[in-house]
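Accompanying notes for the structure given below.
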Amino acid sequence: MVGGLELTLKLFGLVLALSLPLGLIVAVVKVYGPTVVQWFITLYIYVMRGTPLLLQLMFVFFGLPYIGITLDRFPAAVFAFVLNYAAYFAEIFRGGMVGVPAGQFEAMKVLRIDHFKGYRKVIFPQVLKTTLPSIGNEVLALVKDTSLVYILGLGEVLRAGQIAANRYASLIPFIFVGVLYLIVTGVLSYMLNKIEKRYQR
């Protein structure tokens, strides 16, 4: 189970580190990009949010080899998770962007603030402040969703608990797995609350 927890945390960390910035980029392009690109991004988000993550994992690992793209189990899991969560994060960031008052952008023009600097110093902090609670919810969901990689044969913590439960004919391994998830989500919730309070000042 310790090995399963290590894999769970490794998958969680990689997916979060990749999907957050990718989601921000996708959101920026969807809001400010060319119309044709916006259409493709809208379709991408629709597909990712409209189909089960489990199906996406199966498609990446079992389906892509039919077109000559073969990924090992762990890279396939990371790839599918990043595509899925980037879509969710993109919609969260997009909601934050469209919620910024138009007067902020006009003030940047009047004050002749550099476009990139204005977004980095003025717009993005406001977007982050309003989207942090939603981002936090997705982060906690990601921890639990990592259990879906059992379909690829990866030994994450829930699969390890299931094997132990079958071996010893006991429910105790499942209880232990539940405690592990509660500890991880508890630590993350504490950290997220600290970050939220910092940005609410």
Side-chain angles (χ1 to χ4, degrees), residues 1 3-30 37-96 131-163 165 173-174 177-189 191-192:
M1 284 194 201
L5 180 61
E6 289 177 359
L7 188 142
T8 295
L9 294 177
K10 182 180 178 182
L11 177 62
F12 166 77
L14 276 173
V15 172
L16 188 62
L18 294 172
S19 60
L20 265 176
L22 179 59
L24 179 59
I25 293 170
V26 171
V28 170
V29 176
K30 183 176 181 181
V37 179
Q38 288 180 357
W39 187 88
F40 279 108
I41 288 178
T42 300
L43 179 62
Y44 152 69
I45 292 174
Y46 172 73
V47 171
M48 290 296 106
R49 299 205 310 166
T51 57
L53 177 55
L54 184 61
L55 178 62
Q56 295 165 22
L57 283 164
M58 295 173 66
F59 178 82
V60 168
F61 185 69
F62 299 110
L64 290 184
Y66 285 100
I67 59 174
I69 302 174
T70 302
L71 299 174
D72 290 335
R73 286 177 170 82
F74 189 75
V78 172
F79 181 65
F81 267 85
V82 168
L83 286 180
N84 180 275
Y85 270 84
Y88 281 91
F89 285 134
E91 279 299 277
I92 292 172
F93 285 127
R94 183 192 65 80
T131 58
L132 269 176
S134 298
I135 291 174
N137 288 335
E138 288 301 317
V139 170
L140 295 179
L142 173 57
V143 175
K144 294 176 286 184
D145 279 350
T146 55
S147 62
L148 294 175
V149 298
Y150 79 89
I151 194 69
L152 306 185
L154 288 171
E156 46 75 47
V157 65
L158 183 58
R159 187 169 185 265
Q162 184 178 14
I163 292 172
F174 287 128
V177 169
V179 171
L180 287 177
Y181 273 113
L182 287 172
I183 291 172
V184 173
T185 54
V187 171
L188 287 171
S189 296
M191 294 171 61
L192 290 166

Find out whether [X] and [Y] are in side-chain contact, i.e. whether some heavy atom of one side chain is under 4.5 Å from a heavy atom of the other.
{"X": "Leu20", "Y": "Ile135", "value": "yes"}
{"X": "Tyr88", "Y": "Ser19", "value": "no"}
{"X": "Val29", "Y": "Gln38", "value": "no"}
{"X": "Ile45", "Y": "Lys30", "value": "yes"}
{"X": "Phe89", "Y": "Leu24", "value": "no"}
{"X": "Leu192", "Y": "Leu132", "value": "no"}

Quick check: closest heavy atoms across [X] and [Y], and the distance to 0.1 Å?
{"X": "Leu11", "Y": "Val149", "result": "CD2-CG1, 3.5 Å"}
{"X": "Leu16", "Y": "Pro21", "result": "O-CD, 4.2 Å"}
{"X": "Met48", "Y": "Ala87", "result": "CB-CB, 3.5 Å"}
{"X": "Ala90", "Y": "Ala27", "result": "O-CB, 3.3 Å"}
{"X": "Tyr44", "Y": "Leu83", "result": "OH-O, 2.7 Å"}

Worksheet item: Within 45° of the axis and under 6.0 Å from the centre of the six-membered ring of Phe12, does NZ or CZ of Lys144 qualify?
Response: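 Because its charged atom misses either the 6.0 Å distance or the 45° angle limit, Lys144 does not stack over Phe12.
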Worksheet item: By side chain to side chain donor-acceptor pair (under 3.5 Å), which residues pair with Thr70, not counting sequence neighbours?
Response: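 Listed in chain order: nothing, the list is empty.
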Worksheet entry | Val82/Val78 under side-chain contact (heavy atoms from CB on, under 4.5 Å): CA gap, chis, key distance, verdict | CA-CA 6 Å; Val82 168; Val78 172; 4.0 Å; yes
Can you tell me how far the [atom1] atom of [X] sits from the [atom2] atom of [Y], to the nearest 0.5 Å?
{"X": "Leu53", "Y": "Leu148", "atom1": "CG", "atom2": "CG", "answer": "5.5 Å"}
{"X": "Phe79", "Y": "Leu18", "atom1": "CZ", "atom2": "CG", "answer": "11.5 Å"}
{"X": "Glu138", "Y": "Thr131", "atom1": "CD", "atom2": "OG1", "answer": "11.5 Å"}
{"X": "Thr8", "Y": "Leu142", "atom1": "OG1", "atom2": "CG", "answer": "10.5 Å"}

Discussion item. Below 30° counts as parallel, above 60° as perpendicular, anything between as tilted: where do the rings of Tyr85 and Phe81 land?
Written reply: parallel
Worksheet item: Short question: side chain of Gln56, backbone of Thr51 - any donor-acceptor pair under 3.5 Å?
Response: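 Indeed, once roles are kept as given, a pair shorter than 3.5 Å links the two residues.
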Worksheet entry | Tyr46 side-chain N/O to Ile41 backbone N/O, donor-acceptor pair under 3.5 Å |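 No: the side chain of Tyr46 does not pair with the backbone of Ile41.
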Fill in: Stepwise side-chain contact (heavy atoms from CB on, under 4.5 Å) test for Tyr181 and Leu140
CA-CA 10 Å; Tyr181 273 113; Leu140 295 179; over 6 Å; no
